[in-house]
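Structure record follows, encoded as structure tokens.
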Amino acid sequence: MRFDPMRFDPSVYVIADRAFGRCRPLEDLVTAAVAGGATMVQLREKKWSAGRVVEAGRRLLEITRRAGVPLIVNDRADIALAVGADGVHLGPDDLPVGDARLLLGPEKIIGASAATVEEALAAQAEGANYVGVGSVFPTGSKPDAGQAIGIEPLTRIKAAVGIAVVAIGGITHANAALAVRAGADGVAVISAVIGADDVAGATRRLMEAVRAARG
């Protein structure tokens, strides 16, 4: 499987979590992010009930559909299916990638967390479309992320897999270029965009950093 950039673009992958957005409405945060050029959006609300996430997901899907941007649901393949979202992102404690693929079918986007070449290859073999690699830098957005792995694993993983590689964890406007130059196809961010006063402007600046790093 080779990464098909025509199917989805992970350049600036914004993770919408209302807590990091200082409790501003998710719809406002996502509307601003896609206006600023976000190329993918993930709904991440780990403390909400399944029903509440489904309701929010349906509202966000209307926004992302208008913008032509994929909506990914964090952790829950069943919720992604219920919402009609474009895919799911799975962590190590979630439904295995292969089972999610059986549930969602071949057209949905499936991402998986990976910190090593072995984990990335396993996710690819099970049918993942991308791996979220990290935490690349120290992050306060995910307390259980463990120690940052640094830049070098990004390059090793990109060289080993044929699917998209997205750098995640501690990504800022200042270090996004390092991740892209190390081989990442895009960067996933929470607080650098969702926590900004100007969400659209923060997204735009991040996209500019990614494009500049690609040369």
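Computed from a predicted structure; not experimentally measured.
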State yes or no: do [X] and [Y] share one hydrophobic cluster built from I, L, V, M, F, W and Y residues joined by side-chain heavy-atom distances below 4.5 Å, directly or via other members?
X: V83; Y: L81; answer: no
X: V41; Y: V88; answer: no
X: I190; Y: M207; answer: yes
X: V30; Y: V53; answer: yes
X: V165; Y: V14; answer: yes

Minimum heavy-atom distance between A56 and W48, given as atom pair plus value:
CB-CZ3, 3.7 Å
Work out which heavy atom in V166 is nearest to a heavy atom in V187; give both atom names and the distance.
CG1-C, 3.9 Å
Main-chain N/O of G132 paired to S113 side chain as donor or acceptor, under 3.5 Å
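Side chain of S113 to backbone of G132, a donor-acceptor pair under 3.5 Å: no, none is there.
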Give a yes or no on whether the backbone of I15 and the side-chain of Q42 come within a donor-acceptor separation of less than 3.5 Å.
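Between the backbone of I15 and the side chain of Q42 there is no qualifying donor-acceptor contact (under 3.5 Å).
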How far does [atom1] of [X] sit from [atom2] of [Y], to the nearest 0.5 angstrom?
X: D93; Y: D75; atom1: CG; atom2: CG; value: 9.0 Å
X: M40; Y: T64; atom1: CE; atom2: OG1; value: 10.5 Å
X: L29; Y: R24; atom1: CG; atom2: CZ; value: 5.0 Å
X: D185; Y: S11; atom1: CG; atom2: OG; value: 8.0 Å
X: L90; Y: L95; atom1: CG; atom2: CG; value: 6.5 Å
X: R58; Y: I63; atom1: CZ; atom2: CD1; value: 15.0 Å

When N129 is tested against each of R101, K108, Q124 for side chain to side chain donor-acceptor pair (under 3.5 Å), which residue passes?
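Result: among R101, K108, Q124, R101 is the only option passing the side chain to side chain donor-acceptor pair (under 3.5 Å) with N129.
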So which of N74, V73, L26 actually passes side-chain contact (heavy atoms from CB on, under 4.5 Å) with E45?
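Among N74, V73, L26, the one meeting side-chain contact (heavy atoms from CB on, under 4.5 Å) with E45 is L26.
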For a 4.5 angstrom cut-off between non-hydrogen side-chain atoms, does F137 reach T172?
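A side-chain contact is absent here, since even the closest heavy-atom pair is not under 4.5 Å.
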Can you tell if the side chain of F8 reaches within under 4.5 Å of the side chain of T39, non-hydrogen atoms only?
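They are not in contact (no side-chain heavy atoms under 4.5 Å apart), so the answer is no.
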For the pair D28 and R18, find out whether any cationic side-chain nitrogen is under 4.0 Å from an anionic carboxylate oxygen.
no
Steps toward salt bridge (charged side-chain N to carboxylate O under 4.0 Å, His left out) verdict (R65, D86)
CA-CA 10 Å; R65 282 277 191 272; D86 300 287; 2.9 Å; yes
